[in-house]
J.: 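After the C-alpha coordinates below, expect a handful of questions from me.
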Amino acid sequence: MRRSSPSFRCLCSVSGSETGPSETATAQTPRKKRVVSGVQPTGSIHLGNYLGAIKNWVSLQDTYETLFFIVDLHAITLPYDAPQLSKTTRSTAAIYLACGVDTSKASVFVQSHVRAHVELMWLLSSVTPLGWLNKMIQFKEKSRKAGDENVGVALLTYPVLMASDILLYQSDLVPVGDDQKQHLELTRELAERINYLYGRKKWKKMGGRGGSLFKVPEPLIPPAGARVMSLTDGLSKMSKSAPSDQSRINLLDPKDVIVNKVKRCKTDSFPGLEFDNLERPECNNLLSIYQLVTGKTKEEVAQECREMNWGTFKTNLADALIDHLHPIQMRYEEITSDPAYLDRILSDGAMRAAEIADITLNNVYQAMGFLAR
(Lines give C-alpha, C1' and ligand atoms only; values in the text may rest on other atoms or scores of the structure.)
Protein backbone atom coordinates (compact mmCIF):
# COMPACT_ATOMS: atom_id res chain seq x y z
CA MET A 1 0.00 0.00 0.00
CA ARG A 2 4.44 3.17 0.70
CA ARG A 3 2.65 4.08 -0.21
CA SER A 4 2.21 5.49 -2.59
CA SER A 5 3.43 5.89 -2.17
CA PRO A 6 5.72 9.38 1.05
CA SER A 7 7.72 9.62 -2.14
CA PHE A 8 5.64 6.85 -3.42
CA ARG A 9 3.55 4.46 -1.39
CA CYS A 10 2.53 1.54 -3.12
CA LEU A 11 -0.25 -0.39 -1.14
CA CYS A 12 -0.72 -3.62 -3.05
CA SER A 13 -2.28 -6.90 -2.13
CA VAL A 14 -3.30 -10.19 -3.67
CA SER A 15 -5.90 -12.30 -1.88
CA GLY A 16 -6.28 -16.04 -2.31
CA SER A 17 -9.22 -17.76 -3.91
CA GLU A 18 -9.95 -19.84 -0.86
CA THR A 19 -12.55 -18.60 1.58
CA GLY A 20 -11.21 -15.67 3.60
CA PRO A 21 -11.66 -15.07 7.33
CA SER A 22 -14.28 -12.41 6.72
CA GLU A 23 -15.99 -13.67 3.58
CA THR A 24 -17.87 -16.74 2.49
CA ALA A 25 -17.28 -18.23 -0.94
CA THR A 26 -19.51 -20.90 -2.37
CA ALA A 27 -18.10 -24.08 -3.83
CA GLN A 28 -19.83 -23.24 -7.12
CA THR A 29 -18.34 -19.74 -7.47
CA PRO A 30 -14.94 -19.57 -5.77
CA ARG A 31 -13.63 -16.04 -5.37
CA LYS A 32 -10.74 -14.98 -7.58
CA LYS A 33 -7.49 -13.95 -5.98
CA ARG A 34 -7.75 -10.28 -5.08
CA VAL A 35 -5.34 -7.43 -5.78
CA VAL A 36 -5.59 -4.13 -3.89
CA SER A 37 -3.20 -1.29 -4.68
CA GLY A 38 -2.96 2.48 -4.48
CA VAL A 39 -0.87 5.53 -5.33
CA GLN A 40 -0.74 8.84 -3.49
CA PRO A 41 -2.26 11.86 -5.30
CA THR A 42 0.30 14.47 -4.22
CA GLY A 43 2.56 15.73 -6.98
CA SER A 44 2.60 14.36 -10.51
CA ILE A 45 2.43 10.64 -11.25
CA HIS A 46 5.85 9.84 -12.67
CA LEU A 47 7.54 7.07 -14.58
CA GLY A 48 8.57 5.30 -11.38
CA ASN A 49 4.97 5.12 -10.17
CA TYR A 50 3.88 3.83 -13.55
CA LEU A 51 6.60 1.24 -14.22
CA GLY A 52 6.81 0.18 -10.57
CA ALA A 53 3.09 -0.33 -9.99
CA ILE A 54 0.41 0.94 -12.35
CA LYS A 55 1.72 -0.80 -15.49
CA ASN A 56 1.68 -4.10 -13.59
CA TRP A 57 -1.96 -3.58 -12.60
CA VAL A 58 -3.05 -3.82 -16.23
CA SER A 59 -1.84 -7.43 -16.46
CA LEU A 60 -3.00 -8.33 -12.93
CA GLN A 61 -6.59 -7.27 -13.63
CA ASP A 62 -6.97 -10.04 -16.20
CA THR A 63 -6.24 -12.74 -13.63
CA TYR A 64 -7.39 -11.34 -10.29
CA GLU A 65 -10.27 -9.49 -8.73
CA THR A 66 -8.75 -6.01 -8.57
CA LEU A 67 -9.37 -2.86 -6.55
CA PHE A 68 -7.19 0.19 -7.24
CA PHE A 69 -7.55 3.28 -5.09
CA ILE A 70 -6.13 6.76 -4.72
CA VAL A 71 -4.60 7.01 -1.22
CA ASP A 72 -5.62 10.57 -0.43
CA LEU A 73 -5.57 9.99 3.34
CA HIS A 74 -1.86 9.21 3.12
CA ALA A 75 -1.32 12.46 1.23
CA ILE A 76 -1.83 14.63 4.33
CA THR A 77 0.90 13.16 6.53
CA LEU A 78 3.17 16.09 5.60
CA PRO A 79 2.28 19.70 4.77
CA TYR A 80 0.34 19.79 1.49
CA ASP A 81 -1.67 22.14 -0.75
CA ALA A 82 -5.28 21.66 0.39
CA PRO A 83 -6.94 23.38 -2.61
CA GLN A 84 -5.00 21.06 -4.93
CA LEU A 85 -5.80 17.77 -3.17
CA SER A 86 -9.16 17.12 -4.83
CA LYS A 87 -7.76 18.12 -8.24
CA THR A 88 -4.77 15.81 -7.99
CA THR A 89 -7.00 13.02 -6.67
CA ARG A 90 -9.18 13.24 -9.78
CA SER A 91 -6.10 13.50 -11.99
CA THR A 92 -4.60 10.38 -10.44
CA ALA A 93 -7.82 8.45 -11.00
CA ALA A 94 -7.85 9.57 -14.63
CA ILE A 95 -4.25 8.41 -15.03
CA TYR A 96 -5.18 4.95 -13.69
CA LEU A 97 -7.77 4.64 -16.45
CA ALA A 98 -5.52 6.16 -19.10
CA CYS A 99 -2.79 3.63 -18.29
CA GLY A 100 -5.17 0.77 -19.05
CA VAL A 101 -7.05 -0.01 -15.84
CA ASP A 102 -10.34 -1.44 -17.13
CA THR A 103 -13.36 -0.69 -14.93
CA SER A 104 -15.15 -3.78 -16.26
CA LYS A 105 -12.44 -5.79 -14.51
CA ALA A 106 -11.30 -3.46 -11.69
CA SER A 107 -12.85 -1.17 -9.10
CA VAL A 108 -11.29 2.29 -8.96
CA PHE A 109 -12.06 4.44 -5.93
CA VAL A 110 -10.80 7.09 -3.54
CA GLN A 111 -9.50 5.85 -0.19
CA SER A 112 -11.37 8.45 1.89
CA HIS A 113 -14.64 7.45 0.19
CA VAL A 114 -14.53 4.08 2.00
CA ARG A 115 -14.76 4.97 5.67
CA ALA A 116 -13.79 1.49 6.81
CA HIS A 117 -10.12 2.36 6.11
CA VAL A 118 -10.08 4.98 8.87
CA GLU A 119 -12.29 3.05 11.28
CA LEU A 120 -10.14 -0.07 11.09
CA MET A 121 -7.03 2.06 11.47
CA TRP A 122 -8.33 3.33 14.82
CA LEU A 123 -9.07 -0.19 16.02
CA LEU A 124 -5.61 -1.35 14.94
CA SER A 125 -4.02 1.68 16.58
CA SER A 126 -5.37 0.57 19.96
CA VAL A 127 -3.15 -2.53 19.86
CA THR A 128 -0.12 -1.14 18.00
CA PRO A 129 2.87 -0.75 20.35
CA LEU A 130 4.47 2.69 20.07
CA GLY A 131 7.87 1.04 19.85
CA TRP A 132 6.90 -0.61 16.55
CA LEU A 133 6.16 2.77 14.98
CA ASN A 134 9.28 4.41 16.35
CA LYS A 135 11.34 1.87 14.42
CA MET A 136 9.92 2.88 11.04
CA ILE A 137 12.83 4.11 8.91
CA GLN A 138 10.73 6.39 6.70
CA PHE A 139 9.34 8.19 9.76
CA LYS A 140 12.85 8.84 11.04
CA GLU A 141 14.06 10.11 7.67
CA LYS A 142 11.07 12.32 6.87
CA SER A 143 10.75 13.78 10.37
CA ARG A 144 14.44 14.64 10.38
CA LYS A 145 14.08 16.49 7.05
CA ALA A 146 10.83 18.25 7.95
CA GLY A 147 11.71 19.24 11.52
CA ASP A 148 9.66 18.59 14.66
CA GLU A 149 7.37 21.58 14.17
CA ASN A 150 6.23 20.30 10.76
CA VAL A 151 5.69 16.68 11.76
CA GLY A 152 2.19 15.60 12.75
CA VAL A 153 1.17 12.41 14.52
CA ALA A 154 -0.13 11.08 11.19
CA LEU A 155 3.43 10.72 9.88
CA LEU A 156 4.14 8.35 12.77
CA THR A 157 0.89 6.40 12.50
CA TYR A 158 0.40 6.17 8.74
CA PRO A 159 1.85 2.61 8.68
CA VAL A 160 -1.20 1.60 10.74
CA LEU A 161 -3.45 3.09 8.05
CA MET A 162 -1.44 1.21 5.47
CA ALA A 163 -2.04 -1.98 7.43
CA SER A 164 -5.75 -1.17 7.46
CA ASP A 165 -5.71 -0.68 3.68
CA ILE A 166 -4.28 -4.17 3.23
CA LEU A 167 -6.09 -6.13 5.95
CA LEU A 168 -9.56 -4.81 5.10
CA TYR A 169 -9.50 -6.88 1.93
CA GLN A 170 -8.07 -10.11 3.41
CA SER A 171 -4.87 -10.02 1.38
CA ASP A 172 -2.62 -13.03 0.82
CA LEU A 173 0.23 -11.38 -1.10
CA VAL A 174 1.34 -7.76 -1.09
CA PRO A 175 3.42 -6.53 -4.05
CA VAL A 176 5.74 -3.92 -2.54
CA GLY A 177 8.98 -2.17 -3.37
CA ASP A 178 12.06 -2.68 -1.25
CA ASP A 179 11.32 0.51 0.68
CA GLN A 180 7.94 -0.81 1.82
CA LYS A 181 9.04 -4.19 3.22
CA GLN A 182 9.23 -2.80 6.75
CA HIS A 183 5.66 -1.55 6.55
CA LEU A 184 4.47 -4.94 5.38
CA GLU A 185 6.21 -6.56 8.33
CA LEU A 186 4.28 -4.26 10.67
CA THR A 187 1.06 -5.24 8.87
CA ARG A 188 1.84 -8.91 9.34
CA GLU A 189 2.61 -8.41 13.01
CA LEU A 190 -0.62 -6.49 13.54
CA ALA A 191 -2.66 -9.20 11.82
CA GLU A 192 -1.11 -11.85 14.04
CA ARG A 193 -1.57 -9.71 17.14
CA ILE A 194 -5.27 -9.07 16.46
CA ASN A 195 -5.84 -12.74 15.61
CA TYR A 196 -4.23 -13.76 18.91
CA LEU A 197 -5.96 -11.16 21.08
CA TYR A 198 -9.46 -11.33 19.60
CA GLY A 199 -9.73 -14.14 17.06
CA ARG A 200 -10.51 -17.84 17.05
CA LYS A 201 -12.33 -19.08 20.19
CA LYS A 202 -12.44 -15.59 21.68
CA TRP A 203 -14.26 -14.27 18.63
CA LYS A 204 -16.65 -17.24 18.72
CA LYS A 205 -17.54 -16.45 22.32
CA MET A 206 -18.45 -12.94 21.18
CA GLY A 207 -21.00 -14.39 18.77
CA GLY A 208 -18.76 -14.70 15.71
CA ARG A 209 -17.87 -17.78 13.71
CA GLY A 210 -14.35 -18.05 15.12
CA GLY A 211 -11.11 -18.49 13.22
CA SER A 212 -8.73 -15.73 12.20
CA LEU A 213 -10.01 -12.20 11.77
CA PHE A 214 -7.25 -11.40 9.28
CA LYS A 215 -5.12 -13.29 6.82
CA VAL A 216 -1.40 -12.72 7.37
CA PRO A 217 -0.12 -11.31 4.05
CA GLU A 218 3.12 -12.30 2.36
CA PRO A 219 5.38 -9.99 0.27
CA LEU A 220 5.49 -10.16 -3.49
CA ILE A 221 8.29 -8.16 -5.12
CA PRO A 222 7.56 -7.34 -8.79
CA PRO A 223 10.27 -8.88 -11.04
CA ALA A 224 11.01 -5.70 -12.99
CA GLY A 225 10.42 -1.99 -12.68
CA ALA A 226 9.88 -2.08 -8.94
CA ARG A 227 12.49 0.57 -8.29
CA VAL A 228 13.01 3.17 -11.01
CA MET A 229 15.77 5.55 -10.02
CA SER A 230 16.21 9.31 -10.35
CA LEU A 231 17.50 10.83 -13.60
CA THR A 232 19.92 12.93 -11.59
CA ASP A 233 21.13 10.28 -9.13
CA GLY A 234 21.13 6.60 -10.00
CA LEU A 235 21.33 5.67 -6.32
CA SER A 236 18.12 7.49 -5.32
CA LYS A 237 14.59 6.37 -6.13
CA MET A 238 12.60 8.49 -8.57
CA SER A 239 10.37 10.54 -6.27
CA LYS A 240 7.60 13.12 -6.34
CA SER A 241 9.16 14.85 -3.36
CA ALA A 242 12.57 15.40 -4.96
CA PRO A 243 13.12 19.18 -5.24
CA SER A 244 14.10 19.09 -8.92
CA ASP A 245 11.54 18.13 -11.56
CA GLN A 246 14.53 17.25 -13.72
CA SER A 247 14.95 14.09 -11.61
CA ARG A 248 11.79 12.44 -12.97
CA ILE A 249 9.74 11.88 -16.11
CA ASN A 250 6.12 12.73 -15.32
CA LEU A 251 3.50 10.78 -17.26
CA LEU A 252 1.96 14.01 -18.56
CA ASP A 253 5.23 15.70 -19.56
CA PRO A 254 5.04 17.04 -23.15
CA LYS A 255 7.48 15.80 -25.80
CA ASP A 256 9.92 18.70 -25.58
CA VAL A 257 10.17 18.35 -21.81
CA ILE A 258 10.89 14.63 -22.06
CA VAL A 259 13.61 15.24 -24.66
CA ASN A 260 15.18 17.95 -22.49
CA LYS A 261 15.13 15.83 -19.32
CA VAL A 262 16.67 12.83 -21.04
CA LYS A 263 19.30 15.01 -22.73
CA ARG A 264 20.32 16.49 -19.36
CA CYS A 265 20.10 13.32 -17.24
CA LYS A 266 23.20 12.16 -15.40
CA THR A 267 25.47 9.67 -17.17
CA ASP A 268 29.11 8.56 -16.86
CA SER A 269 32.35 8.48 -18.86
CA PHE A 270 32.70 4.70 -19.28
CA PRO A 271 32.79 3.36 -22.88
CA GLY A 272 29.70 1.54 -24.10
CA LEU A 273 26.57 0.76 -22.09
CA GLU A 274 25.92 -2.15 -19.75
CA PHE A 275 23.59 -3.50 -17.08
CA ASP A 276 24.50 -4.42 -13.49
CA ASN A 277 27.83 -2.62 -13.09
CA LEU A 278 27.79 -1.27 -9.53
CA GLU A 279 30.06 1.58 -10.61
CA ARG A 280 27.45 2.67 -13.20
CA PRO A 281 24.09 3.07 -11.41
CA GLU A 282 22.80 5.67 -13.87
CA CYS A 283 23.64 3.46 -16.83
CA ASN A 284 21.82 0.50 -15.32
CA ASN A 285 18.78 2.67 -14.52
CA LEU A 286 18.47 4.21 -17.99
CA LEU A 287 18.90 0.86 -19.72
CA SER A 288 16.23 -0.63 -17.44
CA ILE A 289 13.81 2.18 -18.29
CA TYR A 290 14.49 1.67 -22.00
CA GLN A 291 13.88 -2.06 -21.63
CA LEU A 292 10.56 -1.53 -19.85
CA VAL A 293 9.10 1.05 -22.22
CA THR A 294 10.15 -0.81 -25.38
CA GLY A 295 9.08 -4.25 -24.15
CA LYS A 296 12.42 -5.74 -25.16
CA THR A 297 14.25 -8.33 -23.11
CA LYS A 298 17.27 -7.44 -21.03
CA GLU A 299 19.45 -9.49 -23.37
CA GLU A 300 18.12 -7.66 -26.44
CA VAL A 301 18.80 -4.25 -24.89
CA ALA A 302 22.27 -5.28 -23.74
CA GLN A 303 23.13 -6.45 -27.26
CA GLU A 304 21.64 -3.35 -28.92
CA CYS A 305 23.36 -0.84 -26.65
CA ARG A 306 26.67 -2.51 -25.87
CA GLU A 307 28.70 -0.36 -28.27
CA MET A 308 26.37 2.65 -28.26
CA ASN A 309 27.44 6.12 -27.13
CA TRP A 310 25.36 8.24 -24.75
CA GLY A 311 24.23 10.71 -27.41
CA THR A 312 22.69 8.03 -29.59
CA PHE A 313 21.18 6.18 -26.66
CA LYS A 314 19.57 9.29 -25.19
CA THR A 315 17.88 10.02 -28.51
CA ASN A 316 16.57 6.44 -28.64
CA LEU A 317 15.41 6.59 -25.03
CA ALA A 318 13.56 9.89 -25.48
CA ASP A 319 11.83 8.57 -28.61
CA ALA A 320 10.82 5.37 -26.82
CA LEU A 321 9.42 7.30 -23.85
CA ILE A 322 7.44 9.65 -26.09
CA ASP A 323 6.01 6.74 -28.12
CA HIS A 324 5.06 4.85 -24.96
CA LEU A 325 3.47 7.78 -23.12
CA HIS A 326 1.64 9.42 -26.05
CA PRO A 327 -1.42 7.09 -26.02
CA ILE A 328 -1.65 7.44 -22.23
CA GLN A 329 -1.64 11.22 -22.52
CA MET A 330 -4.29 11.17 -25.28
CA ARG A 331 -6.56 8.88 -23.25
CA TYR A 332 -6.06 11.07 -20.17
CA GLU A 333 -7.32 14.11 -22.11
CA GLU A 334 -10.43 12.17 -23.17
CA ILE A 335 -11.22 11.05 -19.62
CA THR A 336 -10.73 14.43 -17.98
CA SER A 337 -12.95 16.09 -20.58
CA ASP A 338 -15.93 14.17 -19.11
CA PRO A 339 -16.02 14.83 -15.31
CA ALA A 340 -19.37 13.05 -14.89
CA TYR A 341 -17.90 9.83 -16.29
CA LEU A 342 -15.02 9.92 -13.80
CA ASP A 343 -17.37 10.69 -10.91
CA ARG A 344 -19.48 7.66 -11.84
CA ILE A 345 -16.43 5.40 -11.97
CA LEU A 346 -15.23 6.52 -8.53
CA SER A 347 -18.68 6.23 -6.96
CA ASP A 348 -19.28 2.72 -8.29
CA GLY A 349 -15.79 1.63 -7.26
CA ALA A 350 -16.24 2.92 -3.71
CA MET A 351 -19.53 1.07 -3.35
CA ARG A 352 -17.99 -2.23 -4.42
CA ALA A 353 -14.97 -1.74 -2.17
CA ALA A 354 -17.15 -0.83 0.83
CA GLU A 355 -19.16 -4.04 0.45
CA ILE A 356 -15.97 -6.05 0.95
CA ALA A 357 -14.36 -3.81 3.58
CA ASP A 358 -17.46 -3.58 5.78
CA ILE A 359 -17.56 -7.34 6.28
CA THR A 360 -14.04 -7.29 7.73
CA LEU A 361 -14.70 -4.17 9.79
CA ASN A 362 -17.94 -5.48 11.31
CA ASN A 363 -16.26 -8.73 12.30
CA VAL A 364 -13.46 -6.83 14.04
CA TYR A 365 -15.95 -4.62 15.88
CA GLN A 366 -17.79 -7.74 17.04
CA ALA A 367 -14.65 -9.57 18.14
CA MET A 368 -13.39 -6.51 20.05
CA GLY A 369 -16.61 -6.33 22.05
CA PHE A 370 -18.44 -3.34 20.54
CA LEU A 371 -22.24 -3.10 20.77
CA ALA A 372 -23.83 -4.01 17.44
CA ARG A 373 -25.34 -1.12 15.51
J.: Might you point out which heavy atoms bring Gln291 and Thr294 nearest each other, and give the distance in Å?
T.: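 For Gln291 versus Thr294, the nearest heavy atoms are O-OG1, 3.3 Å.
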J.: Ring pair (Phe, Tyr, Trp, His ring centres under 6.0 Å), that's the test. Do Tyr169 and His117 meet it? Break it down for me.
T.: CA-CA 10 Å; Tyr169 301 99; His117 287 260; 5.7 Å; yes
J.: According to salt bridge (charged side-chain N to carboxylate O under 4.0 Å, His left out), does anything in residues 338-347 pair up with another residue at least two apart or in another chain? List the pairs.
T.: Arg90-Asp343
J.: Please confirm whether the backbone N or O of Val71 pairs with a side-chain atom of Gln40, one donor and one acceptor, at under 3.5 Å?
T.: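 Side chain of Gln40 to backbone of Val71: no pair is present.
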J.: Flag the pair Glu355 and Arg352 as a salt bridge only when some basic side-chain nitrogen lies within less than 4.0 angstrom of an acidic carboxylate oxygen.
T.: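 Salt bridge absent between Glu355 and Arg352.
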J.: Taking Glu189 first and then Lys135, would you say they form a salt bridge - that is, a charged N and a carboxylate O separated by under 4.0 Å?
T.: no
J.: Taking only residues two or more places apart in sequence, or in another chain, which ones meet Thr63 in a side chain to side chain contact (heavy atoms under 4.5 Å, CB included)?
T.: none
J.: Exactly one of Glu300, Arg306, Glu307 should register a side chain to side chain donor-acceptor pair (under 3.5 Å) with Gln303. Which one does?
T.: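 Single side chain to side chain donor-acceptor pair (under 3.5 Å) partner of Gln303 among Glu300, Arg306, Glu307: Arg306.
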J.: Group every Ile, Leu, Val, Met, Phe, Trp and Tyr by side-chain heavy-atom contacts under 4.5 Å, then state whether Val58 and Tyr64 land in the same group.
T.: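 No, it is not one cluster - the side chains of Val58 and Tyr64 are not joined through contacts under 4.5 Å.
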J.: Does Tyr96 use its side chain to pair, donor to acceptor, with the backbone of Phe69 at less than 3.5 Å?
T.: yes
J.: Without swapping roles, check the side chain of Asn250 against the backbone of Leu252 for a donor-acceptor pair under 3.5 Å.
T.: no
J.: Is there a side-chain contact between Thr128 and Leu190 (heavy atoms, below 4.5 Å)?
T.: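 Answer yes - side chains close enough.
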J.: Partners of Asp268 by salt bridge (Lys or Arg N to Asp or Glu O under 4.0 Å), sequence neighbours excluded?
T.: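 Counting only residues at least two positions away or on another chain, Asp268 forms a salt bridge (Lys or Arg N to Asp or Glu O under 4.0 Å) with Arg280.
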J.: Less than 4.0 angstrom from a charged side-chain N to a carboxylate O is my criterion; do Lys105 and Asp62 meet it?
T.: yes
J.: Any sub-3.5 Å donor-acceptor pair from Gln61's side-chain atoms to Gly100's backbone N or O?
T.: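 A pair under 3.5 Å: yes.
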J.: For Arg248, does its backbone N or O pair with a side-chain atom of His46 as donor and acceptor, under 3.5 Å?
T.: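 Here the side-chain-to-backbone pair does not exist.
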J.: Salt bridge (Lys or Arg N to Asp or Glu O under 4.0 Å) with Arg331: which residues, sequence neighbours excluded?
T.: Glu334
J.: How about CZ on Phe270, more than 12 heavy atoms from neighbouring residues, nucleotides or ligands closer than 6.0 Å, or not?
T.: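 Atom CZ in Phe270 is packed in, count exceeds 12.
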J.: Check Thr66 against Ala106 and note the closest heavy-atom contact, atom names and distance.
T.: OG1-CB, 3.0 Å
J.: Please find the pair of heavy atoms, one from Thr360 and one from Leu167, that lie closest to each other, and give the distance.
T.: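 Smallest interatomic distance, heavy atoms only, reads CG2-O, 3.9 Å.
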J.: Closest heavy-atom contact between Gln111 and Asp165?
T.: NE2-OD1, 3.0 Å
J.: Quick one: do the Asp233 and Ser230 side chains pair a donor with an acceptor below 3.5 Å?
T.: no
J.: Using the test side chain to side chain contact (heavy atoms under 4.5 Å, CB included), find all partners of Pro254 that sit at least two apart in sequence or belong to another chain.
T.: Asp256, Val257
J.: Would you mind listing the cluster partners of Leu85? Hydrophobic ones only (ILVMFWY), side-chain contacts under 4.5 Å, chaining allowed.
T.: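 Ile76, Tyr80, which link up through side-chain heavy atoms under 4.5 Å apart, make up the rest of the cluster.
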